[in-house]
**Q** 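Take a look at the following structure, please.
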Amino acid sequence: MTETKKNLSDQTVLVTQATGRTGRVVAEAAEQAGLKVRRGSRSATIPFDWADRSTWNAALDGVDAVYLAHYVDIGAPGTAEDIAAITSKALEKGVRRIVLLSARGEPQAEPAERALRESGADWTIVQAAWFMQMFSEGDLYEGVQATGELAFPAGETLEPFIDVRDIADVVVAALTDGAHIGKAYDVTGPRLHSFRTAVAEINAATGREIPYIPVPGRAFGEILVEMGLPEPEVAFLVELFDTMLDGHNAQTNDGIRRVLGREPRTFEDFVREHAAAGTWKA
């Protein structure tokens, strides 16, 4: 490792969004690898809040590396400025090792990625496919549980869904091995699924009959506005769905195997695990 001579047990990593979908799993994986973890959240003992830069100083004190997951989408307006600012602050404090969660094939993510690449930090970028866990937690899952159906503006587009645990393993590898400095990894699951076939897998494993209803992006945006999301945020999401669900990401790659030396987890295994745990009970 070029960035530190400390043993893993002596290193501390700040995990932003530590109560979020990836941050929670990254924090657990980092601890299992022997790292000390500072969980960055507004409710933490040492709080971290993306929207309150006055919290950044204390959160970065005494850490050796940082995992950055933005609280808005990586391509949202203002995200690149936040990435540039926190990276600059980390470098001021002598923290050079930074791993950024990004999205594969998302043109809107390029400014945030460029801000990190050009910062002078020892960076790694993890460009992830859509998460399998969107079917087991969060807004999409809660909508299914509330309505009994999945309405989403994905059409029949194919996507190589990835398990968040695989993302976490890649992040920890990047945090602990200097061989990953200066590299961007495009990571996917091993197979392509449409949202329709993904729901069909869940139905087959659970005995439920959850219908998948493809809706136009603008109609989905109207639903989000009715749910109370601010209109500027909804406008960005509608644009993002149009960009990301046009089929250009409909291929798998070997990113997981290149970093971890193993195959990524399958969607079928993910579904079986959650079905056994009762995740989708009606």
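Numbers here simply count residues along the sequence, with the first being 1. The basis for the numbers below is simple: all heavy atoms, side chains too, and nothing from hydrogens, waters or symmetry mates. Predicted, not measured: the structure shown is a model, and the values here were computed from it.
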**Q** Taking E149 for the side chain and A146 for the main chain, is one N or O donor matched with an acceptor at less than 3.5 Å?
**A**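 No.
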**Q** Please state whether the rings of F195 and F135 are parallel, tilted or perpendicular, taking 30° and 60° as the class boundaries.
**A**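 Answer is tilted, since the angle falls between 30° and 60°.
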**Q** Nearest 0.5 Å, what's the CG-OG1 distance between D177 and T124?
**A**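 Answer for the CG-OG1 pair, D177 versus T124, is 9.5 Å.
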**Q** Are V72 and I86 in one and the same hydrophobic cluster, where Ile, Leu, Val, Met, Phe, Trp and Tyr link if side-chain heavy atoms are under 4.5 Å apart?
**A**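 Yes: a chain of side-chain contacts under 4.5 Å links V72 to I86.
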**Q** Is R262 salt-bridged to D169, cutoff N-O under 4.0 Å?
**A**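 Salt bridge: yes.
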**Q** Taking all non-hydrogen atoms of both residues into account, name the closest pair between I162 and A129 and its distance.
**A**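 So the two residues come closest at CG2-O, 3.5 Å.
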**Q** Under a 3.5 Å distance rule, please check whether T55 uses its side chain to pair with a backbone N or O of D52 as donor and acceptor.
**A**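 A pair under 3.5 Å: yes.
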**Q** Passes side-chain contact (heavy atoms from CB on, under 4.5 Å), E201 versus F267? Steps please.
**A** CA-CA 9 Å; E201 289 282 348; F267 190 79; 4.0 Å; yes
**Q** Can you give me the closest heavy-atom contact between P107 and T243, atom names plus distance?
**A**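 The answer is CD-CG2, 3.6 Å.
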**Q** Without swapping roles, check the side chain of S41 against the backbone of A18 for a donor-acceptor pair under 3.5 Å.
**A**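 Side chain of S41 to backbone of A18, a donor-acceptor pair under 3.5 Å: no, none is there.
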**Q** Less than 4.5 Å apart, any side-chain heavy atom of Q133 and any of F270?
**A**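 Counting from C-beta outward, Q133 and F270 do come under 4.5 Å.
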**Q** With a 4.5 Å limit on heavy-atom distance, are the side chains of L150 and P211 in contact?
**A**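 No; the side chains remain at least 4.5 Å from each other.
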**Q** Would you compute the distance between atom OG of S136 and atom CD1 of I202 and round it to the nearest 0.5 angstrom?
**A**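 Interatomic distance, S136 OG to I202 CD1, rounded to 0.5 Å: 8.5 Å.
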**Q** Quick check: do N57 and K89 have side-chain heavy atoms less than 4.5 Å from each other?
**A**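 The answer is yes; the side chains approach within 4.5 Å.
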**Q** Does a sphere of radius 6.0 Å around CG in D61 hold more than 12 heavy atoms from other residues, nucleotides or ligands, not counting ones at 6.0 Å or beyond?
**A**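 Correct, the count exceeds 12.
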**Q** Less than 4.0 Å between a side-chain N and a carboxylate O, is that true for D122 and R97?
**A**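 Not counted as a salt bridge, because no side-chain N and carboxylate O are separated by less than 4.0 Å.
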**Q** Does the pair M244 and E106 meet the rule for a side-chain contact (heavy atoms from CB on, under 4.5 Å), with working shown?
**A** CA-CA 6 Å; M244 297 299 289; E106 182 178 328; 3.5 Å; yes
**Q** State, with a plain yes or no, whether a side-chain heavy atom of R38 is found less than 4.5 Å away from one of V15.
**A**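 Side-chain contact under 4.5 Å: no.
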**Q** Answer yes or no: does atom CD of E231 have more than 12 heavy-atom neighbours from other residues, nucleotides or ligands under 6.0 Å?
**A**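 Not more than 12 within 6.0 Å, no.
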**Q** If you take all heavy atoms of A27 and V37, which pair is closest and at what distance?
**A**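 The pair with the smallest heavy-atom distance is O-CG2, 3.6 Å.
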**Q** Do you know which two heavy atoms are closest between V66 and L68, and how far apart they sit?
**A**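 Closest approach of V66 to L68: CG1-CD2, 3.5 Å.
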**Q** Do V259 and I98 land in one hydrophobic cluster if side-chain heavy atoms of ILVMFWY residues count as linked below 4.5 Å?
**A**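 Different clusters.
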**Q** Verify side-chain contact (heavy atoms from CB on, under 4.5 Å) between F220 and V225, making sure each step is shown before the conclusion.
**A** CA-CA 9 Å; F220 190 73; V225 170; over 6 Å; no
**Q** Verify whether the ring centers belonging to Y212 and F152 lie closer than 6.0 Å.
**A**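 That pair fails the under 6.0 Å test.
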**Q** Would you mind reporting whether V171 and L101 have side-chain heavy atoms less than 4.5 Å apart?
**A**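 No; the side chains remain at least 4.5 Å from each other.
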**Q** Evaluate the side-chain proximity of D73 to F236: yes if any heavy-atom separation is below 4.5 Å, no if none is.
**A**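 Result yes, sub-4.5 Å side-chain heavy-atom pair found.
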**Q** Do you reckon L35 sits in the same ILVMFWY cluster as L260, going by side-chain contacts under 4.5 Å, direct or chained?
**A**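 The answer is yes; both residues are in one hydrophobic cluster.
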**Q** Which heavy atom of K183 sits nearest to which heavy atom of W123, and what is that distance?
**A**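 Shortest heavy-atom separation between K183 and W123 comes out as O-CZ3, 3.4 Å.
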**Q** For the residue pair F131 and F161, is the inter-centroid distance of their aromatic rings smaller than 6.0 Å?
**A**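 No, the ring of F131 stays outside the 6.0 Å limit from the ring of F161, centre to centre.
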**Q** Please assess V13 against D64 for the test side-chain contact (heavy atoms from CB on, under 4.5 Å), listing each intermediate value before the final yes or no.
**A** CA-CA 6 Å; V13 57; D64 301 285; over 6 Å; no
**Q** Would you compute the distance between atom OG of S102 and atom CD1 of I83 and round it to the nearest 0.5 angstrom?
**A**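 Here the rounded value is 9.0 Å.
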**Q** Could you label the plane-to-plane angle of the W280 and H274 rings as parallel, tilted or perpendicular, counting under 30° as parallel and over 60° as perpendicular?
**A**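 Because their plane-to-plane angle lies in the 30° to 60° range, the rings of W280 and H274 count as tilted.
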**Q** Do you know the tightest heavy-atom contact between V238 and G221?
**A**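 Minimum heavy-atom contact is CG2-CA, 3.8 Å.
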**Q** Charged N to carboxylate O below 4.0 Å: is that the case for R117 and E113?
**A**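 Result for this pair is yes, salt bridge flagged.
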**Q** About how many Å separate OH of Y67 and CG of L14, when rounded to the nearest 0.5 Å?
**A**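 Going from CG on L14 over to OH on Y67, the span is 11.5 Å.
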**Q** Find the distance between CG (D166) and CD (E263) and round it off to the nearest 0.5 Å.
**A**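 The CD atom of E263 is 10.0 Å from CG of D166, to the nearest 0.5 Å.
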**Q** Give a yes or no answer on whether the side chain of R96 reaches the backbone of G120 with a donor-acceptor pair at less than 3.5 Å.
**A**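 Judged by distance alone, yes, a pair lies under 3.5 Å.
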**Q** Going by atom types only, do H193 and E268 share a side-chain donor-acceptor pair under 3.5 Å?
**A**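 Yes.
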**Q** To the nearest 0.5 Å, what is the distance between OG1 (T266) and CE (M132)?
**A**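 Those atoms lie 6.5 Å apart.
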**Q** Does R39 form a salt bridge (charged side-chain N to carboxylate O under 4.0 Å, His left out) with E31? I'd like the steps, not just the answer.
**A** CA-CA 11 Å; R39 285 172 164 80; E31 286 180 334; 2.8 Å; yes
**Q** Indicate yes or no for a side-chain donor-acceptor contact from R191 to the backbone of P160 under 3.5 Å, with no hydrogens or angles considered.
**A**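 No, the answer is negative, given that no donor and acceptor are paired below the 3.5 Å cut-off.
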**Q** Can R53 and D82 be counted as an ion pair, charged N to O under 4.0 angstrom?
**A**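 Answer for the salt bridge query: yes.
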**Q** Got I74 and L100 here, is their nearest side-chain heavy-atom distance under 4.5 Å?
**A**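 In contact.
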**Q** Salt bridge check, E28 against R165: does any charged N sit closer than 4.0 Å to a carboxylate O?
**A**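 Result for this pair is no, no salt bridge flagged.
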**Q** If you define the side chain from C-beta out and look only at heavy atoms, does anything of S194 sit under 4.5 Å from E159?
**A**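 No. Closest side-chain heavy atoms not under 4.5 Å.
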**Q** Just by distance, with hydrogens left out, do Q17 and T22 show a side-chain donor and acceptor under 3.5 Å apart?
**A**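 Short answer, no.
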**Q** Please tell me whether L116 and Y71 are part of a single hydrophobic cluster in this structure, the criterion being side-chain heavy atoms less than 4.5 Å apart.
**A**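 The answer is yes; both residues are in one hydrophobic cluster.
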**Q** Please answer: with hydrophobic residues joined when any side-chain heavy atoms are less than 4.5 Å apart, are V234 and M134 in the same cluster?
**A**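 Linked, V234 and M134 end up in one cluster.
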